[in-house]
Amino acid sequence: MTSVTSPRRGFGTLTSIPVRAFDLEKTLHSGQVFHWQKIGAGYIGAIDETAVYLEQSDRILLCAKSQCDRVIQYLALDHQMDSIEATFPRDSALREATKFSRGLRIVRQPPWECLATFLTSALKQVSQIRAISLAIRQSFGRSLRLGEHVLFSYPRPEILANVRLEDLTACKLGFRTKNVLAAARMIGEGDINLDAINGLPTAVARDELCRIPGVGPKIANCVLLFAYGRLEVVPVDVWIERALRANYFSGTTKALTNEIRTFSNEYFGPFGGYAQQYLFHYWRLNGRKLV
DNA sequence: ATCCAGGATAGCG
DNA sequence: CGCTATCATGGA
């Protein structure tokens, strides 16, 4: 970190963090977090209960000096991308996806908002997940001022546990409403301890998360990867399944979903979560061109 | 209009 | 165990 500072209208004095193999926009728009808003050359959003402004130009990331440590942690700027990518299997599909997605980081998201957000993600498009996240934040979150802007934190489980069903339904969660309420209550009552999951082996942590209604293997894996830093975990969604079918099972017409799941968490290695996210990002933006 | 979306689950055989 | 219908809602 350097002492270079730079003033930005309304966002106070910003500090420069040198970064490499990092792309802010890719990271914030890769289907991990859904609440960041583009403002001019930068982004505003909440990291937990703190309002943050972020702006990147080339190999410099700007943020408020007092928030540097938090930002570095959240954006996982400490990940050694060269070492991580060196562990990838060397096939052409992943190589292409890696070239396209380089700079994307797997963030360290607060567990509760990650869990709740992915509970709302089932059978929804990214744009709708985003709309739901913003609606829940605006309806029940804490308002945070940032210069002339107002943004909202994700409401704590104790808050959501006590909202009226119809008020949450108004956020367009559809059939997922009752699952979010149930999750908020389990955590509010201490039946599930999200902090304690940090200390559990991944398989045990996954079982624990799956006790929550609406959480199955895929959503549990998303939370393990995006909130608990289990970088070996590979969530398999419809996009990844398509990408894997097309690139690794092209001959076999009827590869079972189960086989694909088994394959994915053995083939991609100790940082399979990153490989998965690169493939997801590439495949989602480029359709089926990659074969 | 019809199909699909970063799935999970109860209910079948 | 494996398979299927179903769950709200909006976008393509």
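Order of the sequence lines sets the chain letters (A, B, ...), proteins ahead of strands, with each chain counted from 1. Just so it is clear, the model here is predicted, and its values are computed rather than measured.
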**Q** Polar-atom pairs under 3.5 Å, protein N or O versus N or O of nucleotides 9-13 of chain B: list them with distances, or write none.
**A**
unit_1: B/dT9; atom_1: OP1; unit_2: A/Gly214; atom_2: N; d: 3.1

**Q** Apply ring-ring contact (aromatic ring centres under 6.0 Å, His included) to residues A/Phe34 and A/Tyr154 and explain how you reach the verdict.
**A** CA-CA 11 Å; A/Phe34 304 88; A/Tyr154 205 91; over 10 Å; no

**Q** Between atom CG in A/Leu119 and atom C1' in B/dA8, what is the gap in whole Å?
**A**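 One finds 10 Å between C1' of B/dA8 and CG of A/Leu119, rounded.
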
**Q** Describe the nucleic acid contact of A/Leu123 in one word from base, sugar-phosphate, nothing, applying a heavy-atom distance below 4.0 Å.
**A**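 Base: the residue A/Leu123, judged by heavy atoms under 4.0 Å, touches a nucleobase.
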
**Q** With the stacking rule set at 5.5 Å and 30°, tell me whether A/Phe280 counts as stacking on B/dG6.
**A**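 Yes, A/Phe280 stacks on the base of B/dG6, since the ring centres sit under 5.5 Å apart and the planes are within 30°.
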
**Q** What's the gap between B/dC4 and C/dC7 when it is taken at their C1' atoms, as a whole Å value?
**A**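 Straight-line distance between the two C1' atoms is 15 Å.
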
**Q** Base, sugar-phosphate or nothing for A/Arg176? Non-hydrogen atoms, less than 4.0 Å.
**A**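 If one applies the 4.0 Å heavy-atom cut-off, A/Arg176 turns out to touch a base.
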
**Q** In the single-linkage hydrophobic clustering (I, L, V, M, F, W, Y; side-chain heavy atoms under 4.5 Å), do A/Leu165 and A/Phe175 co-cluster?
**A**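 Different clusters: A/Leu165 never reaches A/Phe175 through Ile, Leu, Val, Met, Phe, Trp or Tyr contacts under 4.5 Å.
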
**Q** Is it the case that B/dG6 (base atoms only) and A/Gln277 (side chain only) share a donor and an acceptor within less than 3.5 Å, ignoring hydrogens and angles?
**A**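 Pair found.
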
**Q** Decide yes or no for A/Tyr274 and A/His79: does some side-chain heavy atom of the first lie under 4.5 Å from some side-chain heavy atom of the second?
**A**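 They are in side-chain contact.
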
**Q** Mind checking the P distance from C/dA8 to B/dA10? Whole angstroms is fine.
**A**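 So the two P atoms sit 15 Å from each other.
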
**Q** Should A/Lys172 be listed as having a side-chain N or O under 4.0 Å from OP1 or OP2 of C/dG10?
**A**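 So the side chain of A/Lys172 is within the cut-off, an N or O lying under 4.0 Å from OP1 or OP2 of C/dG10.
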
**Q** A/Glu208 and side chain to side chain contact (heavy atoms under 4.5 Å, CB included): which single residue from A/Asn193, A/Ile197, A/Leu194 fits?
**A**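 Answer to the side chain to side chain contact (heavy atoms under 4.5 Å, CB included) test with A/Glu208 among A/Asn193, A/Ile197, A/Leu194: A/Ile197.
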
**Q** Contact class for A/Thr120 vs. all strands (heavy atom < 4.0 Å): base, sugar-phosphate, or nothing?
**A**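 Touches nothing.
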
**Q** Record whether the side chain of A/Gln276 comes under 3.5 Å of the base of B/dG6 through a donor-acceptor pair of N or O atoms.
**A**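 Such a pair exists between side chain and base.
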
**Q** Just by distance, no angles: are the side chains of A/Glu232 and A/Thr202 close enough, under 3.5 Å, to form a donor-acceptor pair?
**A**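 A/Thr202 and A/Glu232 do have a side-chain donor-acceptor pair below 3.5 Å.
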
**Q** Please give the distance between the P atoms of B/dG6 and C/dA5 as a whole number of Å.
**A**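 One P to the other, the span is 23 Å.
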
